[in-house]
K.L.:
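Here's a structure for you.
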Amino acid sequence: MPELPEVEVTRRGIATPLRGAIVHGVRVGKPLRWPLGLPEGEFAGQMVGEVGRRGKYLWLPLVLPGAAHGGLLMHLGMSGSLAWQTSAPAAGAHDHFDLVTNRGTLRLNDPRRFGAVVWSPGLDRAPAARLLQRLGAEPFDADLTPQRFHEALHQRRAPIKAVLLSGEVMVGAGNIYACEALFRAGIHPALRADRLSRPRAQRLLEALRQTLAQALAMGGSTLRDFSDVHGMSGAYQTSAAVYGREGQACVQCGGQIRRVIQAQRSTFFCPHCQKR
DNA sequence: AGTTAAACCTGGTTGC
DNA sequence: TGCAACCAGGTTTAAC
């Protein structure tokens, strides 16, 4: 489900209600990807700070004045979404984590349970640091210049689609937005990353930023599960040019959109508009 | 280093 | 209607 736009939509939805909230406790349901890493009783009295995001991870800082501090690193996996509820109903079959505060409850719903909630003493400490260590640049970081993007791609021989999905050069683009950005940039997904010319790398960086920004403005994509913290669906998926459109007409040339498998994931592209 | 497969799960859709 | 096969927004780990 959630790629960077969906995670950022979620972050914006929870940051305000959570800022300064006092934790009463947590409730855990079925196991997620990794264990929580701190006994459930340890959270009471901690105050939530400013909710941050790194790639597709959310970071909820927790501070207990004069005592232990750390935070919760959360990932929504493929099917996760967070909801903010001022009065939380009984947990459903797929509600696997609650953060109960004096203001309301933050609830993770995740049918497939590929998501995670992990306590860490800090973003730069284990286990958070280990999970984040291989992440590439944030897409809207000013330090990610076209030149640096090109240089990083130049060191990768894998297909450009696989490099984007790995997140090791730039985080945030998952399967939908990687496909859409490559289409927007006119680049064939099987092209080796180190074969992109400088102008094409620049064009791809611009396409990635435009794609992610547009998706964010539209509230993200909702294929099945995703909704924002108020239960609203995103709208971007209806404006996808290639994703999920195998066999349909290309919006640009009218040719057939094709689907191939790369790195165990479906890649959608237009063979006519996207050049090697 | 790249590529490939398998693993973690549930559920919706498609096709016989 | 039933049931098998395939598909799904992500990421880690292991093996060749």
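Proteins come first, then strands; the chains are lettered A, B, ... in the order of their sequence lines, and each starts at number 1. Both backbone and side-chain heavy atoms feed into the values below; hydrogens, waters and symmetry mates do not.
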K.L.:
Taking atom P of C:dT11 as reference, at what distance in whole Å does atom CG of A:Leu4 sit?
P.N.:
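Whole-Å distance recorded here is 10 Å.
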K.L.:
Could you work out which one of B:dG2, C:dA8, C:dG10 sits closest to the side chain of A:Ala158?
P.N.:
B:dG2
K.L.:
Would you say A:Lys56 places a side-chain N or O within less than 4.0 Å of OP1 or OP2 belonging to C:dT11?
P.N.:
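Result: yes.
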K.L.:
Does A:Arg112 contact B:dC9 through a side-chain donor or acceptor facing the base, at a distance under 3.5 Å?
P.N.:
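Pair found.
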K.L.:
Are B:dC9 and A:Phe114 stacked, with the base six-membered ring and the side-chain ring centres under 5.5 Å apart and planes under 30°?
P.N.:
no
K.L.:
Just how far, in rounded Å, is P of B:dG2 from CG of A:Leu191?
P.N.:
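In whole Å, B:dG2 P and A:Leu191 CG are 15 Å from each other.
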K.L.:
Quick check on DNA chain C: between A:Arg134 and A:Gly174, whose nearest nucleotide comes earlier from the 5' end?
P.N.:
A:Gly174
K.L.:
When we call it a touch if two heavy atoms are under 4.0 Å apart, what does A:Arg33 touch: a base, just sugar-phosphate, or nothing?
P.N.:
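Touches a base.
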K.L.:
Which ring-ring contact (aromatic ring centres under 6.0 Å, His included) pairs, counting each pair once, include a residue from residues 140-160 of chain A, with sequence neighbours left out?
P.N.:
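Every pair satisfying ring-ring contact (aromatic ring centres under 6.0 Å, His included) with a residue in residues 140-160 of chain A: A:His150-A:His154.
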K.L.:
Expressed in angstrom and rounded to an integer, what is the separation of A:Ile160 atom CD1 from B:dG2 atom P?
P.N.:
12 Å
K.L.:
Looking only at atom P, what distance separates C:dG9 and B:dT14, rounded to whole Å?
P.N.:
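Their P atoms lie roughly 16 Å apart.
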K.L.:
Between A:His94 and B:dG11, is there a side-chain N or O to OP1/OP2 distance below 4.0 Å?
P.N.:
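A:His94 to B:dG11 OP1/OP2: side-chain N or O found under 4.0 Å.
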K.L.:
Identify whether any heavy atom of A:Ser266 sits under 4.0 Å from a base atom; if not, whether one sits that close to sugar-phosphate; answer base, sugar-phosphate or nothing.
P.N.:
sugar-phosphate
K.L.:
Take atom P in B:dC9 and the same atom in C:dG2, then report the distance between them in whole Å.
P.N.:
28 Å
K.L.:
Say you pick atom P in B:dA5 and the same atom in C:dC7; how far apart are they, in whole Å?
P.N.:
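Their P atoms lie roughly 14 Å apart.
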K.L.:
Could you check A:Gln264 against A:Arg156 and say which one's nearest nucleotide on DNA chain B is further toward the 5' end?
P.N.:
A:Arg156
K.L.:
Would you call A:Arg258 and A:Glu246 a salt bridge, taking side-chain N to carboxylate O under 4.0 Å as the test?
P.N.:
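Here A:Arg258 does not pair with A:Glu246 in a salt bridge, since their nearest N and O are not under 4.0 Å apart.
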K.L.:
Under 4.0 Å, heavy atoms only, any strand: does A:Pro5 hit a base, just the sugar-phosphate, or nothing?
P.N.:
nothing
K.L.:
Output yes when A:Glu206 and A:Arg184 qualify as a salt bridge under the 4.0 Å nitrogen-oxygen rule, no when they do not.
P.N.:
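No, no charged N to carboxylate O under 4.0 Å.
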K.L.:
Between A:Glu6 and A:Lys56, is there a side-chain N and carboxylate O pair less than 4.0 Å apart?
P.N.:
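No.
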K.L.:
Give a yes or no on whether a salt bridge exists between A:Arg19 and A:Glu50, defined as a side-chain N under 4.0 angstrom from a carboxylate O.
P.N.:
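The answer is yes: the pair qualifies as a salt bridge.
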K.L.:
Below the 4.0 Å mark, does C:dG10 have OP1 or OP2 next to a side-chain nitrogen or oxygen of A:His75?
P.N.:
no
K.L.:
Within this structure, what is the CZ-to-C1' distance between A:Arg265 and B:dT4, rounded to whole angstrom?
P.N.:
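Those two atoms, CZ and C1', are 15 Å apart.
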K.L.:
Tell me which of A:Tyr243 and A:Arg130 sits closer to the 5' end of DNA chain C, going by the nucleotide each one is nearest to.
P.N.:
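The residue whose closest nucleotide sits nearer the 5' end is A:Tyr243.
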K.L.:
Measure from the side chain of A:Arg259, starting at C-beta and using heavy atoms only, and say which of B:dT3, C:dT12, C:dC7 lies closest.
P.N.:
C:dC7
K.L.:
Using Watson-Crick or G-U wobble geometry with both distances under 3.5 Å, which nucleotide pairs with C:dG9?
P.N.:
none
K.L.:
Do A:Leu82 and A:Phe43 belong to the same hydrophobic cluster, where Ile, Leu, Val, Met, Phe, Trp and Tyr are linked whenever their side-chain heavy atoms lie under 4.5 Å apart, directly or via other members?
P.N.:
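Yes, A:Leu82 connects to A:Phe43 through the hydrophobic network.
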K.L.:
Please report the distance, rounded to the nearest Å, between CZ in A:Arg113 and P in C:dT12.
P.N.:
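Distance check: A:Arg113 CZ to C:dT12 P gives 19 Å.
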K.L.:
Please give, in whole Å, the distance from B:dC8 P to A:Leu76 CG?
P.N.:
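Taking CG of A:Leu76 and P of B:dC8, I get 22 Å after rounding.
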K.L.:
Of the nucleotides B:dG2, C:dG9, B:dG11, which has the atom closest to the A:Arg157 side chain?
P.N.:
B:dG2
K.L.:
Rounded to whole angstrom units, what separation is found between the CH2 atom of A:Trp34 and the P atom of B:dA7?
P.N.:
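So the two atoms are 18 Å apart, to the nearest Å.
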K.L.:
Using whole Å, report how far CG of A:Leu165 lies from P of C:dT11.
P.N.:
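Roughly 9 Å, once rounded to whole Å.
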